[in-house]
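Worksheet: one structure, shown below.
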Amino acid sequence: MRHLLSVLAVLILGAAGAYHFYGDDLAALQRTQPGAASSAETRFETMGDLRVAVSVAPDPPRVGENRITVLVRNANDEPVSGALVRTVAEMPAMGAMPAMYAPAEFSETAPGRYEGRFELAMSGEWPLGLEVEAHGSGRAVARFDMATGRKGLRNTATAHGASADGDSAGAFFVDERRRQMIGVTTGEVARRRLVLDVRAVGAVTYDETRLHDVSLKFDGWIGRLHADYVGVPVRKGQPLFTVYGPALLAAQEEYLEVMRRGDGPGRAGLAEAARQRLALWDLAPSQIDALRARGRPEAQVAIMAPASGTVVQKNVVAGSAVTAGQTVLRIADLGRVWVEAHVYENELRFLREETPARVVIPALPATVIDAKVAYVYPFMEGASRTARVRLVLDNPDGLLRPDMYAEVHFALDVGERVVVPEQAVLHAGDTRVVFVDLGEGRLRAVRVRTGLRTRDWIEVLEGVAPGERVVTSGNFLIASESKLKSGLSQW
């Protein structure tokens with residue numbers, strides 16, 4: 001029942017505003033002297049195709065039952081019988097209190113005279129919507145200000161009606177008393193410098209330029225494993241493991257044999273080739289010199305760390321067989337790490353290399369690191385529709401560990417934009433609406449096209465211009481007024 005009354009109220013009251021502000025017959029609207037209708041018998045007003053007089057009894061209305069009389073005449077001032085008359089009084093929702101409705105059912109007690117009753121649940125403002133449909137004579141819609149304890153009805157369309165030209169088109173009236181009750185405030189449409197606070201999530205990861213894989217260029221077997229667990233720190237040139245390989249053993253013997261033959265014709269070239277072969281198989285110069293001095297090959301040859309860092313991957317144990325090209329260990333230098341954040345595609349256009357950023361690591365309270373964008377990846381991640389952005393961070397104490405969660409904040413200065421306060425914009429599906437204050441109590445709902453937004457401001461691309469004033473609080477109640485008074489069904 002409540003839903004039905006709500007629909008009926010919107011239909012009647014919205015139709016009233018829609019006719020007054022948007023109706024095709026607006027130019028034909030004739031108005032009498034505005035003011036309270038002290039007598040339904042004497043004060044007729046032209047409403048569309050009909051002349052109508054409305055009164056309530058008692059006057060002023062009271063909490064509880066009230067009577068309403070509607071007199072209907074045609075353009076020739078003749079009583080109209082058989083008309084369909086509907087009225088609904090509504091107290092709009094305020095805070096947690098839902099809207100209340102007071103409809104009336106009418107009966108025709110004399111030609112052109114329609115009487116009904118409605119009941120008001122509490123004291124206060126009860127705007128009254130009226131719709132009259134008379135077959136063969138036309139239609140009338142109107143809206144009246146009505147309140148308990150206040151004498152007379154005031155046709156707001158007549159008192160504040162306007163032409164369909166200029167700023168008045170689609171306007172509706174909210175008096176100062178009503179504004180104070182709703183808590184209406186306004187702000188100015190302005191051109192101001194907009195700084196976007198873009199937040200992106202990401203993670204700490206390895207600096208890929210500081211990763212080193214240790215693999216063999218020959219088949220062999222692992223002997224002693226010095227770097228025997230993941231996480232062990234190593235230094236450049238430190239033995240990682242020893243390996244036996246038939247090819248490596250043969251290469252050592254070949255080198256020694258060349259060196260034994262002395263410096264005869266062509267011997268220097270052969271000796272250099274044999275030495276180069278051992279170097280390509282990752283023997284350090286000091287190991288080759290020791291081999292020559294020793295004069296005999298080693299079955300188990302030590303493989304040295306190519307860089308300092310931490311072992312982050314270990315694929316063998318002592319005695320493991322390995323093949324040429326197989327990764328035995330991976331070493332990462334964690335003195336510098338990357339943070340890779342995921343940025344949505346609509347924000348990418350403002351990011352470029354050297355863009356300042358702040359990195360927050362939730363696992364390290366009070367840790368905020370200033371950084372700059374080092375690289376924006378040139379492709380999107382399909383599922384999330386984001387692109388990766390890389391930042392490079394020094395990590396001398398090792399507190400930043402790969403796979404740590406990170407938040408990255410970018411302050412992006414996008415220049416001057418036309419903006420309105422964030423709270424001024426109402427969202428209705430895909431539609432965005434603001435209420436422009438036209439002055440003298442008049443408001444108008446305007447659909448706008450919005451762009452960028454910050455915590456406090458929303459960019460407006462179309463709909464309003466700098467210098468106009470818009471409603472910034474009480475919007476939802478104003479929206480109710482708008483729909484009731486202006487029939488803005490389009491939003």
Side-chain angles (χ1 to χ4, degrees), residues 193-215 230-231 234 236 306-315 325-417 450-455 457-459 461:
R193 199 167 197 83
L194 207 59
V195 178
L196 302 183
D197 183 11
V198 174
R199 175 182 174 273
V201 298
V204 178
T205 187
Y206 299 107
D207 181 339
E208 293 180 5
T209 67
R210 296 192 172 197
L211 288 176
H212 299 272
D213 282 346
V214 178
S215 60
V230 172
V234 297
K236 184 176 181 179
S308 299
T310 302
V311 174
V312 296
Q313 184 178 330
K314 182 176 76 73
N315 299 320
Q326 176 184 341
T327 299
V328 179
L329 301 172
R330 171 168 285 187
I331 300 171
D333 180 358
L334 298 178
R336 191 174 72 190
V337 294
W338 290 352
V339 168
E340 290 191 340
H342 296 267
V343 177
Y344 289 105
E345 55 186 329
N346 63 314
E347 298 164 336
L348 278 176
R349 57 193 170 116
F350 302 113
L351 284 174
R352 54 188 54 85
E353 293 183 11
E354 299 298 314
T355 297
R358 291 180 298 112
V359 180
V360 178
I361 308 295
L364 302 175
T367 300
V368 178
I369 305 169
D370 291 328
K372 292 182 179 180
V373 173
Y375 185 65
V376 179
Y377 286 80
F379 52 84
M380 303 294 295
E381 305 285 346
S384 63
R385 302 309 305 159
T386 60
R388 283 186 293 160
V389 176
R390 180 200 305 162
L391 301 97
V392 179
L393 304 181
D394 290 329
N395 187 35
D397 50 11
L399 293 178
L400 302 177
R401 305 185 181 200
D403 293 329
M404 271 186 166
Y405 179 77
E407 296 178 2
V408 181
H409 298 264
F410 303 97
L412 306 179
D413 188 338
V414 297
E416 284 197 349
R417 307 285 173 125
T450 59
L452 303 172
R453 65 180 300 165
T454 66
R455 181 179 301 176
W457 305 96
I458 295 181
E459 179 189 14
L461 303 173

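One-based numbering along the sequence shown.
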Exercise. Which one of T205, L211, T209 satisfies the side chain to side chain contact (heavy atoms under 4.5 Å, CB included) criterion with D207?
Worked result: T209
Problem set entry | Non-hydrogen side-chain atoms of L348 and M380 separated by less than 4.5 Å | yes
For this session: Identify the two heavy atoms, one from L452 and one from R417, that lie closest to each other, and give their separation to 0.1 Å.
Result: CD1-NH1, 3.7 Å
For this session: Return yes when atom CZ of R199 has more than 12 non-hydrogen atoms of other residues, nucleotides or ligands closer than 6.0 Å, and no otherwise.
Result: yes
Exercise. Heavy atoms, side chains only, cut-off 4.5 Å: are N395 and V204 in contact?
Worked result: no
Exercise. If you look at every heavy atom in A371 and L393, which pair is closest and at what distance?
Worked result: CB-CD2, 3.5 Å
Exercise. Is it true that a side-chain atom of N315 and a backbone atom of T327 form a donor plus acceptor pair closer than 3.5 Å?
Worked result: yes
Problem set entry | Gap separating the CD atom of E340 from the CD atom of E208, nearest 0.5 angstrom | 6.5 Å
For this session: Please name the pair of heavy atoms, one in F350 and one in R352, separated by the smallest distance, quoted to 0.1 Å.
Result: O-NH1, 3.7 Å
For this session: Return the minimal non-hydrogen interatomic distance between A200 and H342, and the atom names on each side.
Result: CB-O, 3.4 Å
For this session: Count the heavy atoms belonging to other residues, nucleotides or ligands that lie under 6.0 Å from OH of Y344, then report whether that count exceeds 12.
Result: no
Exercise. Does any N or O in the side chain of T310 come within less than 3.5 Å of the main-chain N or O of G231, such that one atom is a donor and the other an acceptor?
Worked result: no
For this session: Supply the atom-to-atom distance R390 CZ to Y375 OH, rounded to the nearest 0.5 angstrom.
Result: 7.0 Å
Problem set entry | From R210 atom CZ to L334 atom CG, the distance as rounded to the nearest 0.5 Å | 10.0 Å
Exercise. So how far is it from Q313 CD to I331 CD1, rounded to the nearest 0.5 Å?
Worked result: 11.5 Å
Problem set entry | Approximate separation, where rounding is to 0.5 Å, of R455 CZ and W457 CH2 | 14.0 Å
Exercise. Do you know which two heavy atoms are closest between P356 and F410, and how far apart they sit?
Worked result: O-CD2, 3.8 Å
Exercise. Would you say the side chain of L196 lies within less than 4.5 Å of the side chain of E347, judging by non-hydrogen atoms?
Worked result: no
Exercise. Does the side chain of L364 come within less than 4.5 Å of L400's, by heavy atoms?
Worked result: yes
For this session: Flag the pair L351 / L412 as yes when at least one side-chain heavy-atom distance between them is below 4.5 Å, and no otherwise.
Result: yes
Seminar exercise, completed: Distance col, row R453:CZ vs L194:CG, nearest 0.5 angstrom, shows 11.0 Å
Exercise. Is it true that D213 and R330 have a side-chain N and a carboxylate O under 4.0 angstrom from each other?
Worked result: yes
Problem set entry | Side chain to side chain, R358 and D370, heavy atoms closer than 4.5 Å | yes
For this session: Can you establish whether the number of heavy atoms outside D403 located under 6.0 Å from its atom CG is more than 12?
Result: no
Problem set entry | Heavy-atom pair with the smallest gap, counting every atom of A332 and Y206 | CB-CD2, 3.8 Å
Problem set entry | Audit row: V408, V389, side chain to side chain contact (heavy atoms under 4.5 Å, CB included) steps and yes/no | CA-CA 10 Å; V408 181; V389 176; over 6 Å; no
